[in-house]
Structure formats: C-alpha cells, structure tokens
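Residue numbers start at 1 and run along the sequence shown. Just follow the structure's listing: the first ligand is 1, and inside any ligand the first atom is 1. Excluded from the calculations below are hydrogen atoms, water molecules and symmetry mates; all remaining heavy atoms, backbone and side chain alike, are included.
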Amino acid sequence: MKTFLHVQALTKEYGKEKAVNQVTFSLYKNTATALIGPNGAGKTTTLSILAGLLKQTSGSVVIDGDIQGDIRSEIGFLPQYPQFYSWLTALEFIEMVAKLSGIDGKMIKSQSVRTLDFVGLADAKNKKVGTFSGGMKQRLGLAQAIVHKPGLLLLDEPVSALDPMGRREVLNLLKELQEHTTILYSTHILNDAEEMTDQLLFLRKGELVEQGSLKEVRDKYANPQYRILFA
Ligand code: ATP
C-alpha cells in the first residue's frame with residue numbers, strides 16, 4: 001500500500017497540557033482510517049493540524065511527499081460543527097466554496113451541481129441553507145469538503161449527529177469516495193468505524209494507544225475487553 005500521509009511525533013501543547021502527544025501514524029492511499037477516542041482525546045486537534053488550521057508545537061506532517069506546505073487544494077475538511085451562510089441557497093454556497101478552492105470558472109456550476117447531486121441534495125439545491133435540517137446540513141458540509149475533488153478528506157465526527165438512516169447514507173457516500181480519496185475521519189462510536197475502515201487509530205488523552213486493521217485490533221482485544229479503550 002502506498003503511503004499518502006505520514007505524521008511523525010505530532011505534538012500540540014496548550015500550556016502544560018498536551019492535547020496531542022507524540023502521535024505517529026501513516027495513511028495509505030485511497031483507504032479509510034478512523035480516529036477513535038473519547039471526548040478530549042485529541043481527535044479534533046489532530047484533524048485541525050492536518051487541515052492546516054492549527055499549527056503543531058512539534059512533529060511533522062508529510063502529505064503526498066510534500067512537507068506540510070501549500071497543500072490546501074489537496075485537502076477537504078468537514079469540521080465537527082460546519083458553519084454556513086443561512087441566507088444563501090445550497091448551490092450558491094457550494095459555488096462560493098468551489099470558487100475559493102480555485103476551480104476553473106467554467107467548471108464551477110457543473111461541478112457544484114454534480115457534488116450536490118452526489119450527496120443527495122439535488123432537489124434542495126435552490127433552497128436556502130437556513131431551512132435545512134441537521135442531516136441536510138451535514139450532507140452540505142460533506143459537499144463543501146469534496147467539491148474540489150481533494151486527494152485527502154478529513155472529517156470530524158461526520159456521522160455522530162445523524163440518525164441511523166442518515167448515518168448509513170453518509171457512510172455509503174464515504175465508501176464511494178474512498179475509491180479515489182484517502183479518508184481520515186473521527187468518531188467516538190466504534191460501530192461507525194466497523195462499517196468502513198481499513199485502519200483504526202485509538203487516541204486517549206492525546207496519545208495513540210493502539211493502531212491496526214479492524215481485524216488486528218479485534219484479535220488483540222477479544223470482545224468485550226477492547227472496549228476498555230473507551231473507558
Ligand atoms: P471531542 O470528542 O469532545 O470533540 P476530541 O478528541 O476532538 O474531543 P480535542 O478537541 O482535540 O479532543 O481536545 C483535546 C484536548 O485539548 C482536550 O483536553 C481539550 O480541552 C484541549 N484543548 C483543545 N483546544 C484547546 C485550546 N484552544 N486551548 C486549551 N486546551 C484545548
């Protein structure tokens with residue numbers, strides 16, 4: 001498997017507290033990795049650093065051979081609580097993001113429409129975002145993260161706020177995206193990870209306490225002991 005991203009000894013300190021502490025892992029091209037851990041484990045901090053929104057205290061991030069530099073165009077990011085402009089329509093919003101992402105002007109409309117179609121918002125594209133349900137907003141958040149066809153997709157708790165049906169639908173979309181995208185997503189629910197994951201990374205109190213394939217982790221922590229990681 002080809003390494004797409006390598007994180008080495010990543011550390012983020014807030015005063016004396018280490019939100020992320022010496023975390024090292026690799027993501028492999030066009031695979032999905034789940035970053036799992038309880039509240040405060042350091043998931044959002046890790047994703048924010050990878051997305052270029054936060055600067056690490058120490059450690060390195062190499063993406064597709066480039067040391068973390070101007071690689072924004074290669075990254076799509078869905079924050080845990082995405083913010084939208086409620087007065088725009090879904091299409092206007094995605095077109096704005098597409099423009100900011102540097103998509104060729106001639107392609108903006110068609111690419112935005114195609115992306116909204118992909119996330120299941122074709123019928124709602126001319127509705128104002130302010131009228132959207134939580135589930136629709138989550139799909140719109142996914143659309144803004146993928147409209148520029150990033151090679152790396154970072155998703156902070158993409159399904160935590162969804163009902164079971166919405167969860168399944170979004171996980172299915174991620175499975176499709178995984179065919180040509182490297183995905184790292186956070187969750188605190190092991191069942192979500194079991195749905196579609198090549199690799200699991202368990203964070204606790206900022207430290208990477210376990211990593212491996214679902215099978216490796218399962219074998220190591222025969223049920224139900226491995227759930228102790230969430231204690
Ligand atoms: P959750 O599941 O609750 O979203 P998380 O795994 O995403 O949690 P982080 O949000 O990364 O965890 O937080 C990791 C630790 O860093 C926590 O102890 C948090 O309080 C601390 N932290 C995060 N941001 C800051 C900040 N700006 N200043 C100080 N401490 C912070």
Side-chain angles (χ1 to χ4, degrees), residues 5-27 31-63 68 71-72 75-84 134-135 137-142 144-146 150 152-164 166-167 170-171 174 182-212 214 217 221 224 226-231:
L5 173 147
H6 184 71
V7 170
Q8 185 70 39
L10 195 70
T11 299
K12 176 70 184 176
E13 294 172 359
Y14 289 109
K16 281 192 183 144
E17 194 188 344
K18 289 187 161 94
V20 176
N21 190 4
Q22 295 283 328
V23 166
T24 296
F25 63 86
S26 293
L27 300 183
T31 64
T33 297
L35 195 56
I36 307 184
N39 290 336
K43 305 183 295 294
T44 297
T45 306
T46 302
L47 289 168
S48 301
I49 293 170
L50 298 184
L53 301 174
L54 199 61
K55 181 101 183 78
Q56 67 266 39
T57 308
S58 59
S60 65
V61 180
V62 179
I63 299 178
Q68 198 180 14
I71 32 83
R72 282 289 177 82
I75 298 178
F77 181 51
L78 173 62
Q80 190 170 1
Y81 305 107
Q83 302 292 318
F84 305 105
K137 282 187 178 153
Q138 200 65 7
R139 286 157 184 273
L140 189 62
L142 182 59
Q144 63 77 32
I146 62 173
L152 175 65
L153 187 54
L154 305 168
L155 310 155
D156 199 356
E157 310 236 0
V159 296
S160 300
L162 300 177
D163 63 25
R167 245 187 170 79
V170 169
L171 287 169
L174 295 184
T182 305
I183 299 177
L184 177 65
Y185 73 102
S186 71
T187 177
H188 52 265
I189 301 167
L190 192 61
N191 283 346
D192 290 340
E194 287 175 352
E195 296 267 343
M196 52 148 283
T197 304
D198 303 291
Q199 184 182 214
L200 302 175
L201 303 172
F202 285 89
L203 277 182
R204 190 163 55 171
K205 295 183 184 158
E207 290 182 19
L208 190 58
V209 291
E210 196 58 68
Q211 64 181 304
L214 189 57
V217 175
Y221 295 93
Y226 76 119
R227 288 172 198 267
I228 204 164
L229 285 163
F230 297 87

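- Here the side chains of L5 and F25 are in contact, with some heavy-atom distance below 4.5 Å.
- Residue contact annotation: S48 has no non-hydrogen atom under 4.0 Å from ligand 1.
- Looking only at side-chain heavy atoms (C-beta outward), E157 and K43 come within less than 4.5 Å of each other.
- What sits closest to atom 27 (N) of ligand 1 on the protein, heavy atoms only, is Y14 CE2, 3.5 Å.
- A distance of 11.0 Å separates CD in Q211 from CZ in F202, rounded to the nearest 0.5 Å.
- Of the protein's non-hydrogen atoms, the one nearest atom 19 (C) of ligand 1 is E17 OE2, 4.4 Å.
- Set against the non-hydrogen atoms of A41, the atoms of ligand 1 under 4.0 Å away are 5 (P), 6 (O), 12 (O).
- At the top of the distance list for atom 9 (P) of ligand 1, counting protein heavy atoms only, stands T45 OG1, 3.6 Å.
- A donor-acceptor pair shorter than 3.5 Å cannot be found between the side chains of Y14 and T57.
- In this structure, Q138 CD and L140 CG are separated by 10.0 Å, a value rounded to the nearest 0.5 Å.
- Between G42 and ligand 1, at least one N/O pair is under 3.5 Å apart.
- Looking at T11 and N21, their side chains never bring a donor and an acceptor atom within 3.5 Å of each other.
- Protein heavy atom at the shortest distance from atom 10 (O) of ligand 1 is T44 CB, 3.6 Å.
- G40 O, 3.4 Å is the protein heavy atom nearest to atom 14 (C) of ligand 1.
- In this structure, the side chains of T24 and V7 stay at 4.5 Å or more apart for every pair of heavy atoms.
- Listed by number with element, the atoms of ligand 1 under 4.0 angstrom from any heavy atom of E157 are 2 (O).
- At least one heavy atom of Q80 lies less than 4.0 angstrom from ligand 1.
- Under 4.0 angstrom from ligand 1, the non-hydrogen atoms of P38 all belong to its backbone.
- By the 4.5 Å heavy-atom criterion applied to side chains, P158 and L142 are not counted as neighbours.
- Two residues are said to be in side-chain contact when any heavy atoms from C-beta on lie closer than 4.5 Å; I49 and L10 meet this criterion.
- Among protein heavy atoms, atom 2 (O) of ligand 1 sits closest to K43 NZ, 2.8 Å.
- Distance from atom 3 (O) of ligand 1 to its nearest protein heavy atom, with residue and atom name: N39 OD1, 3.2 Å.
- For atom 16 (O) of ligand 1, the closest non-hydrogen atom on the protein side is A19 CB, 3.1 Å.
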